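Quick note on labels: first sequence line is chain A, next is B, and so on, each numbered from 1. Computed from a predicted model, the values in this text were never measured in an experiment.
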Number of protein chains: 2
Amino acid sequence: MISTQCDCHVIHEEIVERVKKVMPEDENLYDLADFFKVFGDTTRIKILWALSESEMCVCDLAVLLNMTQSAISHQLRVLKQVGMVKNRKEGKIVFYSLDDEHIKGILDQGMIHINEK
Amino acid sequence: MISTQCDCHVIHEEIVERVKKVMPEDENLYDLADFFKVFGDTTRIKILWALSESEMCVCDLAVLLNMTQSAISHQLRVLKQVGMVKNRKEGKIVFYSLDDEHIKGILDQGMIHINEK
DNA sequence: TGAATAGTTGAATAAGTATTCATACGTTTA
DNA sequence: TAAACGTATGAATACTTATTCAACTATTCA
């Protein structure tokens, strides 16, 4: 037992029990946090936003974001691992594009939200 | 100029220019990443999910999440700073609740998304 | 007033992560 | 085949951040 620092949860027992029942499984909440974590980085946000507009190669993205190819490549790897982008090879050039039709919607909704605040 | 490692962006100049035009301001994208970053932590996700069900005091949350009051308190501070939760005091007890009606919708949408994958 | 309770806070620690650098890989072209 | 190009990758570094610990505030109650 970690948290027995105070006793008011005994008084609020009904509330705590009720909330406990509607809480999703720990594993799902962990996955959910991991999902949002991907959007919690400016570089990845920019890459996703760019790709929502057009397929682009690594070099294009590096120029667009004014960053090194290496940094972009590392982040593309993260995005591919979580299934948000896919790629195709054309000679030496690797073109990346979105692999999830919900991405733009999520970005848009987030943007609407922060503009409301 | 950071990224002049390759030249294919010259060939793709039209694409890069077009994407550049639709990209939101850097500041907005930074804010957007910060917004999602809040959801990118299991503890905060759990707190938000719990509060979406019921107002709760710090102690209740600590018991529910099996964490120390201190850890919960620190995260509640973060959530309050970004305007996601508010609190009211009743004697010694501080009750927290959601201060943003979109939170539950965003959590739900995220959950639907990861369950689809 | 003094002890107990609920919560907050600052500093320290530990864990995670974004970028850089150097290098390696695969493809094209001279 | 050698050089050049576009990309990927591993290790190192620097930075961020979640939790813990100890101390502190504010409120209640005996």
Side-chain angles (χ1 to χ4, degrees), chain A residues 2-12 16 29-30 33-34 36-48 55-82 85-97, chain B residues 2-12 16 29-30 33-34 36-48 55-82 85-97:
Chain A
I2 283 183
S3 42
T4 24
Q5 299 106 325
C6 90
D7 290 326
C8 69
H9 66 280
V10 176
I11 306 163
H12 306 142
V16 176
L29 292 170
Y30 196 84
D34 273 350
F36 284 120
K37 213 173 283 183
V38 177
F39 295 97
D41 176 81
T42 315
T43 302
R44 286 193 294 267
I45 286 269
K46 286 181 183 177
I47 291 175
L48 291 172
E55 172 187 70
M56 293 183 91
C57 71
V58 182
C59 167
D60 291 345
L61 286 165
V63 170
L64 182 67
L65 307 194
N66 195 36
M67 292 177 70
T68 63
Q69 277 191 1
S70 180
I72 300 293
S73 185
H74 277 296
Q75 294 304 338
L76 284 169
R77 185 157 156 273
V78 173
L79 293 172
K80 200 182 174 195
Q81 274 175 341
V82 297
V85 305
K86 61 177 186 285
N87 57 14
R88 71 181 176 86
K89 208 165 179 183
E90 196 173 289
K92 324 177 250 194
I93 301 175
V94 181
F95 288 97
Y96 281 84
S97 58
Chain B
I2 284 184
S3 42
T4 23
Q5 299 104 328
C6 92
D7 290 328
C8 70
H9 67 279
V10 176
I11 306 163
H12 306 142
V16 176
L29 293 170
Y30 196 85
D34 273 350
F36 283 120
K37 211 172 283 182
V38 178
F39 294 97
D41 175 81
T42 315
T43 302
R44 287 192 293 265
I45 286 269
K46 287 182 183 176
I47 291 174
L48 291 173
E55 172 187 70
M56 293 182 91
C57 70
V58 182
C59 167
D60 292 344
L61 287 166
V63 171
L64 181 67
L65 307 194
N66 196 36
M67 292 178 69
T68 62
Q69 275 190 1
S70 181
I72 300 293
S73 184
H74 277 296
Q75 293 305 336
L76 283 169
R77 186 157 155 273
V78 172
L79 292 171
K80 199 180 175 198
Q81 273 174 342
V82 297
V85 306
K86 61 177 185 284
N87 57 13
R88 71 181 176 86
K89 208 166 179 183
E90 194 172 290
K92 321 178 252 192
I93 303 175
V94 180
F95 288 96
Y96 281 84
S97 58

Inset, instruction - Assign each of A/D41 and B/I72 to its nearest nucleotide of DNA chain C by heavy atoms, then name whichever residue's nucleotide is nearer the 5' end. - result: B/I72
Legend entry - OP1 or OP2 of C/dA18 under 4.0 Å from side-chain N/O of A/R44: yes
Legend entry - Any A/Y96 side-chain nitrogen or oxygen under 4.0 Å from OP1 or OP2 of D/dG6: no
Legend entry - Between D/dT9 (C1') and A/L76 (CG): distance, integer Å: 13 Å
Inset, instruction - Tell me whether the OP1 or OP2 atom of C/dG7 has a side-chain N or O from B/Q69 closer than 4.0 Å. - result: yes
Legend entry - C/dT9 base / B/S70 side chain donor-acceptor hit below 3.5 Å: yes
Inset, instruction - Kindly say whether, by distance alone, the side chain of A/S73 makes a donor-acceptor pair under 3.5 Å with the base of D/dT9? - result: no
Inset, instruction - Classify the side chain of B/H74 versus the base of D/dT20 as yes if they form a donor-acceptor pair under 3.5 Å and no if they do not. - result: yes
Inset, instruction - Determine the interplanar angle of the A/F36 and B/F39 rings, folded into 0 to 90°, and report it as parallel if under 30°, tilted if 30 to 60°, perpendicular if over 60°. - result: tilted
Inset, instruction - Among the candidates C/dG7, D/dA8, D/dT19, find the nucleotide nearest to the side-chain atoms of B/C57. - result: C/dG7
Legend entry - Minimum-distance nucleotide to A/T43 side chain [options: D/dT7, C/dT8, C/dT19]: C/dT19
Inset, instruction - Please report, rounded to the nearest Å, how far the C1' atom of C/dT17 is from the CZ atom of A/R77. - result: 13 Å
Inset, instruction - Among the candidates C/dG7, D/dT7, C/dT9, find the nucleotide nearest to the side-chain atoms of B/C59. - result: C/dG7
Legend entry - Interatomic distance, A/I93 CD1 vs D/dA8 P [rounded to whole Å]: 12 Å
Legend entry - Close side-chain approach of A/E55 and A/R88, heavy atoms under 4.5 Å: yes
Legend entry - Contact under 4.0 Å: A/Q75 side-chain N or O vs C/dT17 OP1/OP2: no
Inset, instruction - Grab the CZ-P distance between B/F95 and C/dG7 for me, whole Å please. - result: 8 Å
Inset, instruction - Calculate the interatomic distance between B/Y30 atom OH and C/dA18 atom P; express it in whole Å. - result: 13 Å
Legend entry - Whole angstrom value for the distance that separates C1' of D/dG6 from CE of A/M67: 18 Å
Inset, instruction - Give the rounded distance in Å between these two atoms: NZ of A/K37 and P of D/dT17. - result: 12 Å
Inset, instruction - Would you give a per-nucleotide map of nucleotides 23-30 of chain D, 5' to 3', where B means the base has a protein non-hydrogen atom under 4.0 Å away, S means only the sugar-phosphate does, and - means neither? - result: ---SBS--
Inset, instruction - Look at A/T68 and C/dC21 and indicate whether a side-chain polar atom (N or O) is within less than 4.0 Å of OP1 or OP2. - result: no
